[in-house]
Amino acid sequence: MLKYCVVSKSDEVSINLKNKIIKEIKLEYSEENPNIVITIGGDGTTLKALHRYENMIERILFFGINTGHLGFLTNFRPDEIDKVITMINESMFAVENVGLLSYTITMKNGEKIEGLALNEVTLINPPRTLIVDVSINETLLEHFRGTGLCISTPFGSTAYNKSLHGSVVDPSLSAFQLTEIASINSNAYRTLGSPILLANDKIVKIQSHQPIEVYFTVDQLSYKLSDFVELKCSYDEKYVKFAHNNIGFMDRLKKAFINNN
């Protein structure tokens, strides 16, 4: 039997919607082993839920109800709550599969940190210049010097990547993007200086010649790494499943960035 849970913001509107859902959905409630996760809030709430259930991501269907601001990841409005409840109770919903990034970080002592990202991963060093080698499928692309690098999915191309003037990418493409963050380009040092869109069979490797201190982010999470050596990132074969409301990518773009009504 299917089980569900709710991940919600703590504001009054979100809590009221959560209480209504729990009262009216007929499935068993389980925060430990859900098949359906309903998020109530903004994009941050959805990302929080995704990483909470990252280890079982392939078996979960996410419903997003937007009570936040942008709501790019949340397909349903609060006034559609009865529709969401009916869809879940009657198991009648359309599903959108969204590709994920897979990353592996290697530290000086050989320790590895692995995980998945829906939007992007970044490697940055704000206090000083980040100096690393960037390779694509073991072919050296550049000796990078600058603030950092961002690797984003098509779905995440409208997030941090967009603020870096990276390309907005149709999520139906099986590709991912590497975008530089404040690279140094002069007569002494040169980088590509442009975002690059990569096919899903490519592997990006970012490597330091010696252990360094960096900040690593994955979606809304941030970590300080003291002895970073290498990051490998690729487009994973795993997907996150979102229930959608027949709102296409172009409609989401217009709603989020163009229309102001």
Side-chain angles (χ1 to χ4, degrees), residues 1-100 116-119 153-156 158-159 170-174 219-220 236-256 259 261:
M1 182 178 178
L2 293 178
K3 301 176 182 179
Y4 82 101
C5 75
V6 181
V7 178
S8 172
K9 287 177 64 178
S10 58
D11 63 282
E12 183 178 358
V13 172
S14 299
I15 294 299
N16 287 339
L17 290 173
K18 177 179 179 179
N19 292 337
K20 180 179 175 64
I21 286 171
I22 292 175
K23 180 180 179 181
E24 298 187 19
I25 284 184
K26 301 173 183 178
L27 305 182
E28 179 183 345
Y29 191 90
S30 172
E31 294 188 355
E32 292 75 30
N33 197 29
N35 307 102
I36 293 173
V37 174
I38 304 165
T39 66
I40 306 174
D43 290 349
T45 306
T46 300
L47 291 170
K48 175 183 176 182
L50 184 148
H51 286 286
R52 177 184 297 180
Y53 296 105
E54 183 176 324
N55 292 333
M56 57 179 76
I57 197 73
E58 290 180 289
R59 51 166 290 183
I60 292 177
L61 175 63
F62 288 86
F63 279 80
I65 300 173
N66 182 31
T67 59
H69 298 289
L70 185 60
F72 200 83
L73 302 177
T74 49
N75 289 322
F76 298 92
R77 303 186 308 271
D79 61 7
E80 295 178 301
I81 184 67
D82 290 327
K83 178 180 180 179
V84 171
I85 291 170
T86 299
M87 291 170 68
I88 293 173
N89 282 338
E90 297 181 2
S91 296
M92 295 179 62
F93 33 72
V95 177
E96 178 182 17
N97 292 322
V98 177
L100 299 166
L116 302 171
L118 174 63
N119 279 346
T153 66
F155 207 76
T158 56
D170 188 327
S172 64
L173 295 177
S174 294
D219 295 332
Q220 86 286 17
D236 200 271
E237 295 180 356
K238 294 181 179 179
Y239 293 87
V240 56
K241 296 181 291 185
F242 287 105
H244 70 81
N245 199 16
N246 296 318
I247 300 175
F249 176 63
M250 296 306 164
D251 289 325
R252 288 204 298 265
L253 275 183
K254 289 192 295 183
K255 176 185 174 184
N259 294 343
N261 50 26

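These figures come from a predicted structure and were not determined experimentally. Scope of the values below: all heavy atoms of this structure, side chains included, with no hydrogens, waters or symmetry mates. Along the sequence shown, residues are numbered consecutively beginning with 1.
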*Taking only residues two or more places apart in sequence or in another chain, which ones pass side chain to side chain contact (heavy atoms under 4.5 Å, CB included) with E58?*
K238
*Output, in order, the C-alpha distance, side-chain angles, deciding distance and verdict of ring-ring contact (aromatic ring centres under 6.0 Å, His included) for F63 and F93.*
CA-CA 10 Å; F63 279 80; F93 33 72; 5.6 Å; yes
_All pairs passing ring pair (Phe, Tyr, Trp, His ring centres under 6.0 Å) where residues 8-36 contributes a residue, at least two apart_ = Y4-Y29
*Between P154 and D170, what is the shortest heavy-atom contact and its length?*
CB-O, 3.7 Å
*Where do R59 and N35 land on the side-chain contact (heavy atoms from CB on, under 4.5 Å) test, with the steps shown first?*
CA-CA 6 Å; R59 51 166 290 183; N35 307 102; 2.8 Å; yes
*Taking all atoms of both residues into account, what is the closest heavy-atom pair of F76 and A243, and its distance?*
CE1-O, 3.6 Å
_K20: partners by salt bridge (Lys or Arg N to Asp or Glu O under 4.0 Å), with sequence neighbours left out_ = E24, D82
*Return the set of residues passing salt bridge (Lys or Arg N to Asp or Glu O under 4.0 Å) with D11 (not counting sequence neighbours), or none when no residue passes.*
none
_Euclidean distance, L118 CG relative to E54 CD, rounded to 0.5 Å_ = 10.5 Å
*Measuring from S91:OG to L27:CG, what's the distance to the nearest 0.5 Å?*
6.5 Å
*Heavy-atom distance under 4.5 Å between the side chains of E32 and C5, does that happen here?*
no
*Applying salt bridge (Lys or Arg N to Asp or Glu O under 4.0 Å), name anything that partners E80, two or more places apart in sequence or on another chain.*
R77
*Do side-chain atoms of N66 reach the backbone of T74 as a donor and acceptor pair under 3.5 angstrom?*
no
*How many angstroms lie between atom CG of L100 and atom CD of E237, to the nearest 0.5 angstrom?*
12.0 Å
*Hey, mind stepping through R252 and N75 against side-chain contact (heavy atoms from CB on, under 4.5 Å) and telling me if it holds?*
CA-CA 9 Å; R252 288 204 298 265; N75 289 322; 3.9 Å; yes
*asked:* Can you confirm whether S8 sits close enough to I21 that some side-chain heavy atom of one is under 4.5 Å from a side-chain heavy atom of the other?
replied: no
*Find the distance between CD1 (I40) and CD1 (I81) and round it off to the nearest 0.5 Å.*
6.0 Å
*Is any side-chain heavy atom of E96 less than 4.5 Å from a side-chain heavy atom of Y239?*
no
*Are a donor atom and an acceptor atom from the side chains of T46 and T39 found within less than 3.5 Å of each other?*
yes
*Verify, without hydrogens or angle tests, whether D219 (side chain) and N119 (backbone) share a donor-acceptor contact under 3.5 angstrom.*
yes
*Which atom names give the shortest non-hydrogen contact between I60 and P34, and what distance separates them?*
CG1-O, 3.5 Å
*asked:* Just verifying a value: how many Å separate S14 OG and K9 NZ, rounded to the nearest 0.5 Å?
replied: 5.5 Å
*With K48, which residues qualify under side chain to side chain contact (heavy atoms under 4.5 Å, CB included), at least two apart?*
R52, Q220
*Do I57 and F62 touch side chain to side chain, with heavy atoms closer than 4.5 Å?*
yes
*Heavy atoms, side chains only, cut-off 4.5 Å: are I36 and I25 in contact?*
no
*To the nearest 0.5 Å, how far apart are OG1 in T153 and CG in L173?*
11.5 Å
_I want to check something: taking the side chain as every heavy atom from C-beta on, are K18 and I38 in contact at a cut-off of under 4.5 Å?_
no
*Would you indicate whether the side-chain heavy atoms of V98 and P171 approach each other to under 4.5 Å?*
no
*asked:* I'd like to know whether CG of N55 has more than 12 heavy-atom contacts from other residues, nucleotides or ligands below 6.0 angstrom.
replied: no
